[in-house]
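Here the structure is laid out as structure tokens; the discussion comes afterwards.
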2 protein chains.
Amino acid sequence: MTTRWLTPEEQRAWRAYIAGYLLLEDAIDRQLQQEAGMPHAYYSILANLSEAPERRLRMTDLAERLKATRSRLTYAVTRLEKDGLVRREDCEWDRRGSVAVLTDEGMATLENAAPGHVDTVRSVLFDRLTPEQVGQLEEIFTQVARGLQGDGGDAAAEDLPWRRRSSPCSGTP
Amino acid sequence: MTTRWLTPEEQRAWRAYIAGYLLLEDAIDRQLQQEAGMPHAYYSILANLSEAPERRLRMTDLAERLKATRSRLTYAVTRLEKDGLVRREDCEWDRRGSVAVLTDEGMATLENAAPGHVDTVRSVLFDRLTPEQVGQLEEIFTQVARGLQGDGGDAAAEDLPWRRRSSPCSGTP
DNA sequence: GGGGCTTGGTTCAAGTTTGAAACAAACCTA
DNA sequence: TAGGTTTGTTTCAAACTTGAACCAAGCCCC
């Protein structure tokens with residue numbers, strides 16, 4: 001079958017999106033690197049842990065939430081561990097597992113970095129959008145994410161074998 | 001002044017956006033890596049060159065369009081050059097300059113990869129959006145990009161010193 | 001017309017990401 | 001309960017990215 005190319009509207013949207021997200025990610029990364037000494041992805045690790053019960057999450061769980069590969073997370077947590085912001089513990093009831101725990105120092109670092117981060121997100125994104133647009137943004141990307149990971153199982157999702165796992169594991173088995 | 005945190009709506013939008021774009025970029029990268037042997041950023045280099053007059057663009061120009069750093073582009077073009085998809089030439093009227101040219105082989109590779117790429121973009125993004133949402137997406141990210149690079153010069157843009165350059169240089173001086 | 005600043009591009013080291021193994025514990029199931 | 005598969009995590013090499021130098025060539029201007 002012959003390719004269904006993008007319509008002019010779709011092309012414009014696609015290009016705008018690419019340019020926008022590259023600049024956006026860049027601005028965020030730079031700000032965090034400067035003020036917190038870590039890239040966005042690492043900040044997200046701290047942020048995610050801080051919201052988890054007991055500030056702890058199993059590696060696979062964390063990877064799932066971050067939409068990151070396991071090996072990426074391993075590397076990142078190792079680095080954060082060296083910095084004393086995160087600690088690794090063994091999973092009680094599953095000797096294979098390992099759990100990342102946010103240390104007090106990690107929490108402090110996070111709280112320290114948060115205001116600057118939020119300011120950036122605001123000035124770069126939300127200050128430029130109307131309330132309706134905020135809703136539209138949520139709607140659009142929720143749909144995209146659902147399609148890509150939700151067990152909706154169409155062609156596009158087939159390529160994401162390992163990104164679908166989950167295993168509630170913060171409290172009791 | 002105390003931090004203006006994100007509203008619940010903004011938080012939801014921000015999280016949805018993060019998850020969505022990570023999954024999206026991931027799907028795109030994987031598809032291109034598989035079928036064309038290169039990441040999205042490299043594909044974009046070929047695509048941009050293919051649309052330029054004479055299929056050639058000065059390095060800085062190309063970097064500007066790609067929203068990439070110069071050093072990143074240098075590395076990428078070197079790789080593509082090794083693969084024979086791009087060639088470097090000296091800029092005629094500015095002995096400092098160097099120009100990236102899409103080779104015939106590069107064009108062929110691009111044309112070969114394009115259908116699969118478009119299919120992915122469709123299935124992952126546009127097939128899930130209504131026409132109105134396509135318009136909203138364009139609008140939102142156009143605003144973001146303009147704010148971040150446009151010479152609108154507010155605080156957020158201060159951090160992007162080198163990303164603003166431009167120097168029309170494809171045709172005559 | 002010789003400093004001195006700017007611009008275009010590359011280089012280099014350090015950090016990060018990727019995907020494909022490798023490993024080990026857990027879970028079947030015959 | 002031994003053997004095979006699945007699941008959780010790490011390891012490893014190769015690829016990529018970053019930011020800070022660095023080197024030239026243009027530009028200014030006295």
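Both backbone and side-chain heavy atoms feed into the values below; hydrogens, waters and symmetry mates do not. Numbered from 1 within each chain, the chains take letters A, B, ... in sequence-line order.
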Tell me: CG of B:L73 to C1' of D:dC16, nearest whole Å? 13 Å
In whole Å, what is the span from the CE atom of B:M38 to the C1' atom of D:dA14? 17 Å
Can you check the B:M59 CE to C:dT11 C1' distance for me, whole Å? 13 Å
Quickly work out the A:E89 CD to D:dG8 P distance and round it to whole Å. 19 Å
Between B:Q34 and B:R30, is any side-chain donor less than 3.5 angstrom from a side-chain acceptor? no
Select one nucleotide: of D:dT11, C:dT16, C:dG9, the one nearest the side-chain heavy atoms of B:T74. C:dG9
Residues that B:D119 engages under side chain to side chain contact (heavy atoms under 4.5 Å, CB included), provided they are two or more places apart: A:T3
Which protein N or O atoms sit under 3.5 Å from an N or O of nucleotides 24-26 of chain C?
from, atom 1, to, atom 2, distance (Å)
C:dA26, OP1, A:R95, N, 3.1

Any side-chain heavy-atom pair of B:V86 and B:T103 under 4.5 Å: no
Within 6.0 angstrom of B:E92 CD, more than 12 heavy atoms from elsewhere: no
Residue pair B:S98/A:P39 against DNA chain C: nearer the 5' end by closest nucleotide is B:S98
Of D:dT9, D:dT10, C:dT18, the nucleotide closest to the side chain of A:R88 is D:dT10
Going by heavy atoms in the side chains, are A:C91 and A:R58 under 4.5 Å from each other? yes
Between D:dG19 atom P and A:L32 atom CG, what is the distance in whole Å? 13 Å
Indicate whether OP1 or OP2 belonging to C:dG9 is found under 4.0 Å from a side-chain N or O atom of B:R70. no
Within a radius of less than 6.0 Å around CZ of B:R95, do more than 12 heavy atoms belonging to other residues, nucleotides or ligands occur? no
Any side-chain N or O of A:R72 less than 4.0 Å from the OP1 or OP2 oxygen of C:dT16? no
Could you check which residues of residues 40-47 of chain A get a heavy atom under 4.0 Å from DNA chain D? Sort them by number, please. none
Within a radius of less than 6.0 Å around CD of A:E51, do more than 12 heavy atoms belonging to other residues, nucleotides or ligands occur? yes
Judged by modelled atom types alone, do B:E138 and A:Y17 share a side-chain donor-acceptor pair under 3.5 Å? no
d(CG, B:L57; C1', C:dG8) in whole Å: 14 Å
Using a distance-only criterion (donor-acceptor N/O pair, under 3.5 Å, no hydrogens), is the base of D:dG8 paired with the side chain of A:T60? no
Does a side chain donor of either B:Q136 or B:E132 reach within less than 3.5 Å of an acceptor in the other side chain? no
Going by an N to O cut-off under 4.0 Å, is there a salt bridge joining B:R4 and A:D127? yes
Could you state the atom-to-atom distance from CZ of A:R30 to P of D:dA20 in whole Å? 10 Å
Grab the CD-C1' distance between A:E25 and D:dT17 for me, whole Å please. 13 Å
C:dT17 phosphate, OP1 or OP2: any side-chain N/O from A:Y75 under 4.0 angstrom? no
Picking from C:dT18, C:dG8, D:dT10, the nucleotide nearest the side-chain atoms of A:S71 would be C:dT18
